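Input: a single structure, listed below in structure tokens.
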Amino acid sequence: MNNSEFDVIKKYFTFPDSRDDVILAGGDDCAIVSVPDNKQLLITTDTLISGVHFPENTSAEDIAYKALMVNLSDLAAMGAKPAWVTLAISLPDINETWLQLFSGQLSTVLSSLHVSLIGGDTTKGVLSITVQAMGLCDKDKILRRDAAVVDDKVFVTGWLGDAAIGLQAISDELDDEVLKPCIKRLNRPEARVRFAEELTQYSKCAIDISDGLVADLGHVLSASHCGACIDLTAIPVSSSAKHYFKQYHNNKMDWSMLLTSGDDYELCFTVSNENESAVLALAEKHQLQISCIGEVTDSDELVFIDDNNKPFAFTNSGFKHF
Ligand code: ADP
Ligand code: MG
């Protein structure tokens, strides 16, 4: 580490408010945290590289926001309460304006969720951000991909496919106010952390939708050795997304675009019939839209049924395991 790197770390990546369970954050070779006896530690990491994971002209604040949220979404997917993050950042140069905006947004999101930045690495190179997020969950409450049970209902949070439409709107340079919320959903995904922490009381099985519902629900079904029947008419589609298809797609819904593209960061989870009403009440409490989109079956296939009651095949992501 040279002096300018040290200055950057001190100025932009050292936040004053730290949690009680942080024994040491920064300044030594490792951070030290304490983990309560009755909890398990869940750890995840994701990298965002400029030009690969976000368009090169994405703002510093949006990059900071997304780098955190994609990681927090993984914690949410397993029901963990976020506690600490580390940040490994590679910067092409020391641009104080950019760093100020990036750091400000990072600090705002972290403090709003009571999460501490406890360490990292700062290097020179192509703009790349690697966040590692760590969270805590009661030992017997962790949500897992391999825990779906036949006859469980399949739910999703929020709306699916907005980010895909946002990306399309950017690449097609569509100057359309109605599509702005989709661009926002691409740049500022909302990890469903608060909802997920409580969902652990009523569900055993979840995943976050980062690669599209078809692929991610597919992972759940593979791990759980079951199938599912999903009703396309029950898929939550936002009004902006509907506008997109009406205006730019001959009024035809493109299910592949909505369900096989990335970056939704919504949760897909399963719930027993017994717990369904409790989950609906929980979503209401969190003012979060959730939709029941189908159920887990004892087949080995993920089947989608369209509005004519016919099976719908996804050409670009046919899923069948075993
Ligand atoms: P080392 O050379 O021992 O690996 P570094 O020089 O990389 O340590 O970092 C010095 C200290 O600054 C460490 O405690 C590290 O966790 C912290 N640090 C470095 N980069 C960042 C960053 N981007 N965000 C937060 N802390 C950082
Ligand atoms: Mg060291």
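Just so you know, ligand 1 is whichever comes first in the structure, and atom 1 is the first atom listed for that ligand. Model, not experiment: these values are computed from the prediction.
In this structure, Phe102 and Trp98 have parallel ring planes: the angle between them is below the 30° cut-off, well short of the 60° mark.
Under the 4.5 Å side-chain criterion, counting only non-hydrogen atoms from C-beta, Val220 is not in contact with Phe269. With contacts defined as side-chain heavy-atom distances shorter than 4.5 Å, the pair Leu258/Phe245 qualifies.
The backbone of Asp28, and not its side chain, has at least one atom closer than 4.0 Å to an atom of ligand 1 (non-hydrogen atoms only; backbone = N, CA, C, O). If you look at Ile9 next to ligand 1, the close heavy atoms, those under 4.0 Å, all belong to the side chain.
The backbone N or O of Ser256 lies less than 3.5 Å from a partner atom in the side chain of Asp254, making a donor-acceptor pair.
Environment of CG in Asn250: sparse, with no more than 12 heavy atoms of neighbouring residues, nucleotides or ligands closer than 6.0 Å.
Each of the following atoms of ligand 1 lies closer than 4.0 Å to a heavy atom of Gly119: 16 (O), 24 (N), 25 (C), 26 (N), 27 (C). Under a 4.0 Å criterion applied to the non-hydrogen atoms of Gly26, ligand 1 contributes the atoms 14 (O). Ligand-side atoms of ligand 1 in range of Asp29: 3 (O), range being under 4.0 angstrom from any heavy atom.
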Practice prompt. Show the numbers, then the answer: is there a side chain to side chain donor-acceptor pair (under 3.5 Å) between Thr130 and Thr47?
Written response: CA-CA 4 Å; Thr130 301; Thr47 296; 2.8 Å; yes
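Between Gly27 and ligand 1, at least one pair of N/O atoms sits closer than 3.5 Å. Between Ile89 and ligand 1, not a single N/O pair is under 3.5 Å apart.
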